[in-house]
K.L.:
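Provided herewith is a single structure, encoded as structure tokens, for subsequent inquiry.
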Amino acid sequence: MGPHRLSQVANVAIIVPPRARMGSVGQLLDSLEMVRSHVQQQYGAIDILPASDRFGVVEVRLLGCAQGSVRTEGGVLLETVGMLDAASYDVIMVADHVPMEQVSLVELMPWLRLQADRGSMIAASGTGVEVLAACGLLDNRRAAAPLWLVGELQSRFP
């Protein structure tokens with residue numbers, strides 16, 4: 001009997017907007033690494049898990065809204081593996097970032113709506129929630145948001 005393989009690897013995209021906050025991106029990556037570690041402990045040797053570059057049960061891609069690196073709020077350059085693409089993702093997370101004019105995210109909004117129509121689970125942290133609201137993905141839904149952002153969200157997106 002050959003090695004067992006898990007039948008599914010989750011495709012995860014972390015959207016890294018310009019001036020993203022490192023804590024948000026790092027927290028998401030750390031959480032996914034903890035999942036990989038837990039699965040490895042539960043199911044034994046890593047060789048039974050599907051191959052991937054960095055994670056055993058999830059394949060993570062850092063995507064930017066433009067080609068190349070993204071400069072974080074603190075000036076760190078994060079290398080993204082690509083731009084918004086035609087691939088479908090199981091989970092998409094929009095990282096917290098310094099608030100900016102919506103025009104800066106004009107390409108992201110239709111892409112997120114398309115991914116939602118395909119059945120992707122879409123989440124956000126911090127100001128990423130504002131992006132989801134601007135896309136209409138929170139219409140008639142409740143969402144958690146940072147306290148300092150709640151008033152603005154309620155007035156702009158009742």
K.L.:
Nearest 0.5 Å, what's the CG-OG distance between D96 and S24?
P.N.:
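Between atom CG of D96 and atom OG of S24 there are 5.0 Å.
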K.L.:
Between the side chain of N11 and the main-chain N/O of D90, is any donor-acceptor distance below 3.5 Å?
P.N.:
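Judged by distance alone, no pair lies under 3.5 Å.
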K.L.:
Taking V91 as the starting point, is it possible to reach L114 by hopping between hydrophobic residues whose side chains are less than 4.5 Å apart?
P.N.:
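No.
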K.L.:
Under 3.5 Å, is there a donor-acceptor pair between the side chain of S120 and the main chain of Y89?
P.N.:
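Present.
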K.L.:
Would you give the length of the straight line joining atom CG of L28 to atom CD of E33, rounded to the nearest 0.5 angstrom?
P.N.:
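That separation rounds to 13.5 Å.
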K.L.:
Can you tell me how far CG of L132 sits from CZ of R113, rounded to the nearest 0.5 angstrom?
P.N.:
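Nearest 0.5 Å value for the CZ-CG distance: 11.5 Å.
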K.L.:
Can any side-chain N or O of T127 pair as donor or acceptor with the backbone N or O of H97 at less than 3.5 Å?
P.N.:
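Here the side-chain-to-backbone pair exists.
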K.L.:
Listing request: all salt bridge (Lys or Arg N to Asp or Glu O under 4.0 Å) pairs with a residue in residues 60-75, at least two apart in sequence or in separate chains.
P.N.:
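The answer is R21-E73, R61-D85.
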K.L.:
Who are the side-chain hydrogen bond (donor to acceptor under 3.5 Å, both in side chains) partners of R118, not counting sequence neighbours?
P.N.:
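R118: side-chain hydrogen bond (donor to acceptor under 3.5 Å, both in side chains) contacts with S88.
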K.L.:
Working to the nearest 0.5 angstrom, can you tell me the gap between L84 CG and M109 CE?
P.N.:
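Reported value, rounded in 0.5 Å steps: 12.0 Å.
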K.L.:
Do T80 and L63 touch side chain to side chain, with heavy atoms closer than 4.5 Å?
P.N.:
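In short, these two side chains do not touch, never coming nearer than 4.5 Å.
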K.L.:
Check whether any side-chain heavy atom of L62 lies under 4.5 Å from a side-chain heavy atom of E79, and answer yes or no.
P.N.:
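No; the side chains remain at least 4.5 Å from each other.
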K.L.:
Under 3.5 Å, which donor-acceptor pairs do the side chains of residues 135-152 form with other protein atoms, sequence neighbours left out?
P.N.:
residue, atom, partner, partner atom, Å
R141, NH1, L137, O, 2.9
E152, OE2, R156, NH1, 3.3

